[in-house]
Amino acid sequence: MEIKNILVATDFSNEAYNALFYATKIFASKKCTFHIMHIYDDLNATSSSRNVLFVGKKELLKLRTTSQENLTETVHKIVLDTGNKLHKFNTISSKGTISSIISQTIDNLQIDLIVMGNKGKTGAKELFMGSNTIRIANTITQCPILAVPKEIAYRPIDELAFITDYKKGCTKNTLAMLLSIASISKAAIRVLHINEEEIMSPIQVSNKKLLKTCLVKTQHSFDDIWNYSDKANVIQDFLTQQDIKMFAMAYHRRNFFERLLYEPVVMDLSIYSTIPFLILPIQD
């Protein structure tokens, strides 16, 4: 797929800027526009609903002005840090809730990818549970999301992992962003199959064949895990041993991805806060 418009959500933290910088490195060879978005109404999220309802016009004007000024500073900084003439930077300052504004922006600007910085300190609980990343993944169904861990240094991507149970998410439409990043980075895709049943169903067998077809032009490999004590540690070991630079899962409600996140053992993992995570909305 041709990637033209990338939406980067920011709260002006180091994590958010690092996510922006990381994205510019991935797509360094591509002509594209980065839309840097700040939603200033969310600054009041910690206040009581009563206080938020009665924010005065002066306060909202102050929030908007501060938002726009910080966005301008962010653009100046990223231009100086990257110096990439292929990249354009657009700013969006908006009042509202992050999920609704992002959803509208995806349609209006034909966004191809959402990039967000994660603030997880020790594991998936901080990274996922109640975070903006999962809030958006639960509402955005038309656009992939790249979650970049806290202040991770960019390393050239030579190994990508796709974690699947072969039940859904093996079509070319679903995998388009993963395939694009692999192509741009000249990276191999390592498929990790976590099987939850003793024997694969006909649908799983068919989806594996479909996945092989999608990967025919990409260097790839397949690994199957049949017996395991918990999925989380299996994934952690695989990502570490293969020195994976980014991993991906296909996502929709009530599927493998969601069940994985809510397993208690996942709460203690640190791997999710050290490797960029590409969330692919299922387009089967």
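- Contact between Ala9 and Ala16 at its shortest, heavy atoms only, is O-CB, 4.2 Å.
- Gln204 places a side-chain N or O within donor-acceptor distance of the main-chain N or O of Ser201, the cut-off being under 3.5 Å.
- At a cut-off of 3.5 Å, with distance as the only test, a side-chain donor of Asp11 or Ser13 sits close to an acceptor on the other residue.
- Listed by chain and number, the residues in a side-chain hydrogen bond (donor to acceptor under 3.5 Å, both in side chains) with His220 amount to none (sequence neighbours excluded).
- Once rounded to the nearest 0.5 Å, the distance linking CG of Leu192 with CZ of Phe222 reads 11.5 Å.
- In terms of the side chain to side chain contact (heavy atoms under 4.5 Å, CB included) criterion, Ile199 has no residue partners (sequence neighbours excluded).
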Does Ser99 form a side-chain contact (heavy atoms from CB on, under 4.5 Å) with Ile140? I'd like the steps, not just the answer. CA-CA 8 Å; Ser99 56; Ile140 303 302; 5.8 Å; no
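- Every residue two or more places apart in sequence or in another chain was checked for a ring pair (Phe, Tyr, Trp, His ring centres under 6.0 Å) with Phe238, and none qualifies.
- A search for side chain to side chain contact (heavy atoms under 4.5 Å, CB included) contacts involving Asn14 returns Glu151, not counting sequence neighbours.
- Here the CE atom belonging to Met246 is positioned 3.5 Å from the CD1 atom belonging to Ile26, to the nearest 0.5 angstrom.
- For Asp243, the salt bridge (charged side-chain N to carboxylate O under 4.0 Å, His left out) partners at least two apart in sequence or on another chain are Arg155, Lys245.
- For Gln68, the side chain to side chain contact (heavy atoms under 4.5 Å, CB included) test picks out Arg64, Ser93, with sequence neighbours left out.
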Before giving the answer on ring pair (Phe, Tyr, Trp, His ring centres under 6.0 Å), spell out for Phe162 and Phe247 the whole-Å C-alpha distance, their side-chain angles and the decisive distance to 0.1 Å. CA-CA 6 Å; Phe162 177 58; Phe247 73 104; over 10 Å; no
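- Side-chain heavy atoms closer than 4.5 Å link hydrophobic residues (I, L, V, M, F, W, Y) into clusters, and following such links, even through other members, never connects Ile203 to Met249.
- Across every non-hydrogen atom of Cys170 and Cys214, the tightest pair is O-SG, 3.6 Å.
- Ile106 has its side chain within reach of Ile114: a pair of non-hydrogen atoms, C-beta onward, lies under 4.5 Å apart.
- Take His193 and apply the ring pair (Phe, Tyr, Trp, His ring centres under 6.0 Å) test, not counting sequence neighbours, and it matches Tyr166, Trp226.
- For the pair Leu71 and Ile36, the tightest heavy-atom approach, listed with the atom from each and the gap, is CD2-O, 3.6 Å.
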Worked verdict on Leu63 versus Leu60 for side-chain contact (heavy atoms from CB on, under 4.5 Å): CA-CA 5 Å; Leu63 289 173; Leu60 287 175; 4.3 Å; yes
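- Residue Glu2 qualifies as open at atom CD: its count of foreign heavy atoms under 6.0 Å is 12 or below.
- Expressed to the nearest 0.5 Å, how far CG of Asn70 lies from OG1 of Thr91 amounts to 11.5 Å.
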Please list every donor-acceptor pair under 3.5 Å in which a side-chain atom of residues 79-89 meets a protein atom from a residue at least two apart or in another chain.
residue: Asp81; atom: OD2; partner: Tyr17; partner atom: OH; Å: 2.5
residue: Asp81; atom: OD2; partner: Lys77; partner atom: NZ; Å: 3.4
residue: Thr82; atom: OG1; partner: Ile78; partner atom: O; Å: 2.7
residue: Asn84; atom: OD1; partner: Leu86; partner atom: N; Å: 2.9
residue: Asn84; atom: ND2; partner: Ala28; partner atom: O; Å: 2.8
residue: His87; atom: NE2; partner: Phe27; partner atom: O; Å: 2.8
residue: His87; atom: NE2; partner: Lys30; partner atom: O; Å: 3.3

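- Atom CD1 of residue Ile102 and atom CD1 of residue Ile111 lie 9.5 Å apart, to the nearest 0.5 angstrom.
- When side chains are defined from C-beta on, Lys58 does not count as touching Leu61, because their heavy atoms never get closer than 4.5 Å.
- Smallest separation of non-hydrogen atoms from Met177 and Pro144: CB-CG, 3.7 Å.
- Atom CG in Leu160 sits 11.0 Å away from atom CD1 in Ile275 (nearest 0.5 Å).
- Formation of a donor-acceptor pair under 3.5 Å by the Thr66 side chain with backbone atoms of Lys62 is found in this model.
- Residue pairs satisfying the salt bridge (charged side-chain N to carboxylate O under 4.0 Å, His left out) criterion with at least one member in residues 201-217, sequence neighbours excluded, are listed as follows: Lys208-Asp224.
- Screening residues 199-218 for ring-ring contact (aromatic ring centres under 6.0 Å, His included) gives no qualifying pairs among residues at least two apart or on separate chains.
- Thr171 is listed as a side-chain neighbour of Leu210, based on a closest heavy-atom distance under 4.5 Å.
- When every heavy atom of Ile282 is checked against every heavy atom of Ala250, the shortest pair comes out as CG1-CB, 3.7 Å.
- Side-chain contact between Tyr154 and Asn18 is absent, with no heavy atoms from C-beta onward closer than 4.5 Å.
- Side-chain contact between Asp165 and Ile194 is absent, with no heavy atoms from C-beta onward closer than 4.5 Å.
- Side-chain contact between Ile98 and Met37 is absent, with no heavy-atom pair separated by less than 4.5 Å.
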Determine whether Leu109 and Leu7 satisfy the following criterion, side-chain contact (heavy atoms from CB on, under 4.5 Å), listing intermediate values before the conclusion. CA-CA 9 Å; Leu109 297 179; Leu7 178 64; 5.9 Å; no
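- With hydrogens and angles ignored, the 3.5 Å screen pairs a side-chain donor or acceptor of Thr24 with a backbone N or O of Phe21.
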Between Arg190 and Ile244, does the side-chain contact (heavy atoms from CB on, under 4.5 Å) criterion hold? Intermediate values first, please. CA-CA 9 Å; Arg190 308 301 180 193; Ile244 297 297; 4.2 Å; yes
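- Just one residue in the list Thr33, Asp112, Leu113 forms a side-chain contact (heavy atoms from CB on, under 4.5 Å) with Lys4, and that residue is Asp112.
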Could you give the side-chain donor-acceptor pairs of residues 178-189 under 3.5 Å, partners two or more places apart or in another chain?
residue: Ser180; atom: OG; partner: Met1; partner atom: N; Å: 3.1
residue: Ser180; atom: OG; partner: Met1; partner atom: O; Å: 3.3
residue: Ser180; atom: OG; partner: Ala176; partner atom: O; Å: 2.9
residue: Ser185; atom: OG; partner: Ile181; partner atom: O; Å: 3.0

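- The shortest side-chain heavy-atom distance between Lys168 and Gln283 does not fall under the 4.5 Å cut-off.
- Thr74 has its side chain out of reach of His38: every pair of non-hydrogen atoms, C-beta onward, lies at least 4.5 Å apart.
- Between atom OG1 of residue Thr164 and atom CG of residue Leu211 there is a gap of 7.0 Å, rounded to the nearest 0.5 Å.
- In terms of heavy atoms, Leu239 sits closest to Ala161 at CD2-CB, 3.8 Å.
- Thr213 pairs by the side chain to side chain contact (heavy atoms under 4.5 Å, CB included) definition with nothing, not counting sequence neighbours.
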